[in-house]
Peer 1: 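Below you will find the structure I want to go over with you.
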Amino acid sequence: MTERELIEKLDREHGLSEAEYAELIDGRDEGAAELLASLASEKRKAVFGNSIYTRGLIEISSICKNNCLYCGIRRDNRQAERYRLSKEEILSCADEGYGLGFRTFVLQGGEDAFFTDEVLCDIVSELKKKHPDCAVTLSMGERSHESYKALHDAGADRYLLRHETADPEHYAMLHPAEMSFDNRMRCLKDLKEIGYQVGCGFMVGSPGQTSATLAKDLTFIKEFKPDMCGIGPFIPHRNTPFKDETAGTLELTLFLLSVLRLTLPEVLLPATTALGTIHPQGREKGILAGANVVMPNLSPVGVRKKYELYDNKICTGEESAQCRGCLEARMKAVGCTLAVDRGDSPASLKARSL
Ligand code: 5AD
Ligand code: FES
């Protein structure tokens, strides 16, 4: 098939075979990217109108027991400054966010043993008690089925856990031997089965990634049908084994955002901070390629530089209100407005009304 035929098939059938996804990626050029982006942008508008969902991100701990080769807060990075927010600090970030109009809070952190089920359940239930009209999303890494269940019972609505790559050999290149692809997949299945709205995702341009591994990612995502899919460029961090690797490109990230929008028209697709880091208008371009979510930073300004997953991360000097205002202006510039409701995925709303 020609590149154009592949794109038309993707648009018509909401998916391609794994081999066709690889062919589409390998054969891409500027014209293909433009056609894809315009179809994806139309699709975004058909499903979500001009409204962009927002989630307030609270980075609750930079302490991590894991040693992922790409990540700036990996345990072997002795230079990383470690911090952990207290329950009071987390609740106060959320209160401030609530005042700014946020109705979804994402608590994200490294795999920090301090956050036992007891500690985290208490924070989640307190947050839900104070703000019953808000959704609470957790992004705290791999945990047991029992733990995910307890957190869901405590009120957590959503969970973000990027699969990182759907190719087991590639997974092993990105992670130390003690981490396993199978456990990652087990976690994602558990989360779905428990009833969370689930987000998976991957970095674009991570070392070892090929069009074949990306085709596996797209096939996995099509089958898994996550509520959200977070993708952003890999960006090297100076104190990691991947410090000399090259960053993922804006071009491929935008292309894949469009492919994802056409594959799963209703999926929530964030224009990520990493995308905003590799290009000053990265997030705006992400929206124009089919993304429909932004996640401004609500962490206390004093800790922001310490949650450094990659070099030169943006939004580390601004107050929460500034970050929100900045994104509001950026979205306006591309004809969009920020939504102030919970921003549930269309699929999860349908499931709930059954
Ligand atoms: N560049 C880009 N993204 C990164 N992440 C971790 N390290 C990096 C990096 N160096 C992403 C991972 C993780 C998410 C929280 O951040 O995909 O799942
Ligand atoms: Fe955070 Fe612009 S979005 S400062």
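For ligands, and for the atoms within them, numbers begin at 1 and follow the listed sequence. Values in this document were obtained by computation on a predicted structure and should not be read as measured data.
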Peer 1: Could you tell me whether Asp122 and Lys87 make a salt bridge, using a distance below 4.0 angstrom between a side-chain N and a carboxylate O?
Peer 2: yes

Peer 1: What residue and heavy atom of the protein are closest to atom 8 (C) of ligand 1, and at what distance?
Peer 2: Met203 SD, 3.7 Å

Peer 1: Hey, does Tyr70 come in under 3.5 Å of ligand 1, counting only N/O atoms on both sides?
Peer 2: yes

Peer 1: Please say whether Gln108 places an N or O atom under 3.5 Å from an N or O atom belonging to ligand 1.
Peer 2: no

Peer 1: Between Lys130 and Glu126, is the closest basic N to carboxylate O distance under 4.0 Å?
Peer 2: no

Peer 1: Name the option, out of Thr272, Ile278, Thr165, Ile235, that contains the heavy atom nearest to atom 9 (C) of ligand 1.
Peer 2: Ile235

Peer 1: Should the pair Asp190-Arg143 be classified as a salt bridge under the 4.0 Å nitrogen-to-oxygen rule?
Peer 2: no

Peer 1: Starting from atom 16 (O) of ligand 1, which protein heavy atom do you reach first, and at what distance in Å?
Peer 2: Leu309 CD1, 3.5 Å

Peer 1: Are Arg103 and Asp133 ion-paired here, with the side-chain N under 4.0 Å from a carboxylate O?
Peer 2: yes

Peer 1: Please confirm whether Pro233 approaches ligand 1 to less than 4.0 Å, judged on its heavy atoms.
Peer 2: yes

Peer 1: Which atoms of ligand 1 have any heavy atom of Arg162 under 4.0 Å away?
Peer 2: 11 (C), 12 (C), 17 (O), 18 (O)

Peer 1: Below 4.0 Å from any atom of ligand 1, is there a heavy atom belonging to Glu164?
Peer 2: yes

Peer 1: Please determine if Glu142 and Arg184 form a salt bridge, counting it only when a charged side-chain N lies under 4.0 Å from a carboxylate O.
Peer 2: yes

Peer 1: Any ion pair linking Arg330 and Glu284 (charged N to carboxylate O, less than 4.0 Å)?
Peer 2: yes

